[in-house]
A.B. asks: 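Got a structure for you, questions after.
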Number of protein chains: 2
Amino acid sequence: MYAVRVFTQPTNMSTKRRKVRRGRPLKTDAAPDMRERILDAAEDHFSRHGFWGVTVREVAQEAKVDTALLHYYFDTKRGLFDAVFERRAEIINKERIESIDAYVKSAGSAISVEGVIDAFLQPILQRAATGDQRWHNYFALIAQVNNTPAWGGETMGRTFDNVIHHLIDALRQALPDVSEEELYWSYHFLSGALTLTLSQTGRIDRLSEGLCKSSDFQAIGRRMAPFIASGFERLCKPQAAKRKKAP
Amino acid sequence: MYAVRVFTQPTNMSTKRRKVRRGRPLKTDAAPDMRERILDAAEDHFSRHGFWGVTVREVAQEAKVDTALLHYYFDTKRGLFDAVFERRAEIINKERIESIDAYVKSAGSAISVEGVIDAFLQPILQRAATGDQRWHNYFALIAQVNNTPAWGGETMGRTFDNVIHHLIDALRQALPDVSEEELYWSYHFLSGALTLTLSQTGRIDRLSEGLCKSSDFQAIGRRMAPFIASGFERLCKPQAAKRKKAP
DNA sequence: TCAATTATTCAGCAGTTGATGAATACTTGC
DNA sequence: GCAAGTATTCATCAACTGCTGAATAATTGA
């Protein structure tokens with residue numbers, strides 16, 4: 001028998017406990033990091049069924065831990081969701097900004113809309129093309145949030161506005177004298193096309209009777225930038241297409 | 001006191017009760033049709049929070065009826081959701097097919113990609129532009145379903161494949177010798193752009209600092225067909241843009 | 001070595017969920 | 001006018017929900 005210890009963990013933060021892993025990992029890399037396992041399980045479930053379609057018990061069960069551990073690390077279900085959402089954001093955002101910057105620098109005065117958009121898309125589409133299921137799940141999660149009217153816009157903005165403004169700045173360089181309004185509407189259409197692509201519903205598979213596959217991100221990577229860039233140019237350089245004034 | 005009546009409604013269908021309103025409406029148009037009121041309330045809630053983010057109690061409360069009445073008309077929560085999804089589908093599908101057919105007929109051999117896409121989009125965008133909140137809700141609901149990986153693809157297909165194939169047939173006429181693969185991928189991008197537009201997250205409003213408004217369907221209606229048509233032409237007529245052979 | 005700290009599990013609560021059988025109110029046809 | 005059918009409400013259930021206090025196990029630091 002052990003002596004009964006009363007008042008365990010009295011030194012924890014008073015009202016809100018918070019267990020952000022600080023410093024080096026405590027365990028060897030071989031040992032399972034429960035926190036990451038929980039995040040993986042949550043990512044998997046949230047991406048498929050959204051915030052309300054998932055119970056903390058389901059996540060805990062898949063991660064093979066007790067539900068109390070979820071609350072230990074993330075406080076609330078919403079805290080867990082936010083942690084999932086933010087975990088990979090920094091990585092992909094950094095890659096996208098670097099990709100855009102690298103293109104702008106290398107292209108110089110030969111900068112093109114298609115080049116900028118391709119630089120923006122490639123980091124995402126390449127990670128999706130590797131077939132890593134966890135990144136697939138993460139992208140599907142983004143798509144879900146981006147289509148959530150109630151709080152999606154705010155959450156997306158908080159996490160991704162930096163990158164988007166970076167993209168739009170680069171596009172402005174490629175489109176002299178562009179109207180801001182056309183620029184933003186064009187981005188809106190780009191965002192929609194990308195979002196549906198990432199959501200992986202398999203709808204295009206059925207519609208095309210197997211000719212196109214939602215999971216074929218290489219096929220998408222080859223087509224998306226030309227398609228979207230063409231739209232940008234049509235909308236943002238109307239004088240060329242609409243022949244308002246003869247050249 | 002009333003005499004106690006035992007075994008009321010013993011003549012109902014044995015296992016599954018089903019109350020599909022058959023024949024003309026029983027009440028005058030002025031009297032509130034509870035069934036429609038429930039559908040309106042459900043549409044409102046489901047469009048904002050998705051299937052799992054809504055409780056039957058919330059719907060019942062907004063419709064000002066007892067929850068039992070929901071089950072009386074629709075059996076299950078899922079039955080209610082499906083009824084909402086299908087209620088307006090027939091109307092908008094009919095309008096879209098007629099719009100495409102009318103354009104194809106009127107254009108004759110001058111048929112254009114932009115014309116077809118515009119004919120496909122206008123019925124939706126016009127209904128959205130009138131500002132009828134119930135149609136707004138319905139369109140947002142479609143957007144939600146279209147981005148639901150678990151069962152969205154199947155549900156969308158069951159309801160909308162007819163129209164989409166009609167659209168693609170018309171596009172084929174406008175794009176001689178088009179590759180089927182490019183055609184379907186192009187539709188995929190169109191679908192994404194439309195879906196995000198309908199989901200009304202307000203993200204573009206914040207991103208553009210008020211310059212663009214998600215609710216401004218007239219602005220969208222003027223821009224979307226040109227943008228998308230341009231992408232189609234780029235992808236489906238590559239020889240023209242990629243200068244493989246000089247003309 | 002062992003006390004303090006951190007990680008994990010255990011057991012369970014209070015509120016909510018979708019659903020249902022029965023009671024009551026309304027409508028209709030005869 | 002009343003019996004049969006239809007619409008609506010009432011009261012309630014069993015299962016499930018997020019969450020928590022306390023117990024136990026593992027790790028660390030001096």
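No hydrogens, no waters, no symmetry mates; every other heavy atom, side chains included, goes into these values. Proteins get letters first, then strands, A, B, ... in listed order; numbering begins at 1 in each.
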A.B. asks: Going by side-chain hydrogen bond (donor to acceptor under 3.5 Å, both in side chains), name the pairs with one or both residues in residues 47-64 of chain A, residues two or more places apart or in two chains.
C.D. replies: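 Checked against side-chain hydrogen bond (donor to acceptor under 3.5 Å, both in side chains) - neighbours excluded - the pairs reaching residues 47-64 of chain A are A:D44-A:R48, A:H45-A:E62.
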
A.B. asks: Measure from CH2 on A:W52 to P on C:dG18 and round the result to the nearest Å.
C.D. replies: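 In whole Å, C:dG18 P lies 12 Å from A:W52 CH2.
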
A.B. asks: Looking at the side chain of B:D66, which of D:dA7, D:dC10, C:dC10 is the nearest nucleotide?
C.D. replies: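 The listed nucleotide nearest to B:D66's side chain is D:dC10.
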
A.B. asks: How would you list all residue pairs meeting side-chain hydrogen bond (donor to acceptor under 3.5 Å, both in side chains) that involve residues 155-171 of chain B, not counting sequence neighbours?
C.D. replies: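 Found A:R203-B:D161, B:D101-B:H166, B:D169-B:R172.
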
A.B. asks: List, with names and distances, any nitrogen or oxygen atoms from the protein found under 3.5 Å away from nitrogen or oxygen atoms belonging to nucleotides 12-18 of chain D.
C.D. replies:
from: D:dG18; atom 1: OP1; to: A:V54; atom 2: O; distance (Å): 3.4
from: D:dG18; atom 1: OP1; to: A:K77; atom 2: NZ; distance (Å): 3.1
from: D:dG18; atom 1: OP2; to: A:V56; atom 2: N; distance (Å): 3.0
from: D:dG18; atom 1: N7; to: A:R57; atom 2: NH1; distance (Å): 2.8
from: D:dG18; atom 1: O6; to: A:R57; atom 2: NH2; distance (Å): 3.1

A.B. asks: So, using side-chain contact (heavy atoms from CB on, under 4.5 Å) as the criterion, who are the partners of B:E90 when residues are at least two apart?
C.D. replies: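 With neighbours one apart ignored, the set is empty.
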
A.B. asks: Taking atom C1' of C:dA7 as reference, at what distance in whole Å does atom CZ of A:R37 sit?
C.D. replies: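 Result: 13 Å.
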
A.B. asks: For the pair made of CG in B:L70 and C1' in C:dT20, what is the distance, rounded to whole Å?
C.D. replies: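 In whole Å, C:dT20 C1' and B:L70 CG are 14 Å from each other.
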
A.B. asks: Can you tell me the distance, in whole Å, between the CE atom of A:M34 and the P atom of C:dT6?
C.D. replies: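 Distance, rounded to whole Å: 18 Å.
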
A.B. asks: Whole angstrom is fine here: how far is it from OH in A:Y72 over to C1' in C:dT9?
C.D. replies: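 After rounding, the gap between these two atoms is 13 Å.
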
A.B. asks: Tell me every residue that passes side-chain contact (heavy atoms from CB on, under 4.5 Å) with A:D205, counting only those two or more places apart in sequence or in another chain.
C.D. replies: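 Expected list: A:K213, A:S214.
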
A.B. asks: Could you give the CG-to-P distance, from B:L69 to C:dT24, as a whole number of Å?
C.D. replies: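 After rounding, the reported distance stands at 18 Å.
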
A.B. asks: Counting distance only, does the side-chain N/O of B:T197 pair as donor-acceptor with the main-chain N or O of B:A193 below 3.5 Å?
C.D. replies: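 Such a contact is found between B:T197 side chain and B:A193 backbone.
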
A.B. asks: Using whole Å, report how far CZ of B:F74 lies from C1' of D:dT8.
C.D. replies: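 The answer, rounded to whole Å, is 14 Å.
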
A.B. asks: May I have the distance from B:Y73 (atom OH) to D:dT8 (atom C1'), rounded to whole angstrom?
C.D. replies: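 Checked: the OH to C1' distance equals 8 Å.
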
A.B. asks: Got a sec, which residues hit side-chain contact (heavy atoms from CB on, under 4.5 Å) with B:A219, two or more places apart in sequence or on another chain?
C.D. replies: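 Partners of B:A219 under the side-chain contact (heavy atoms from CB on, under 4.5 Å) test: A:W185, B:D216, B:R222, B:R223.
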
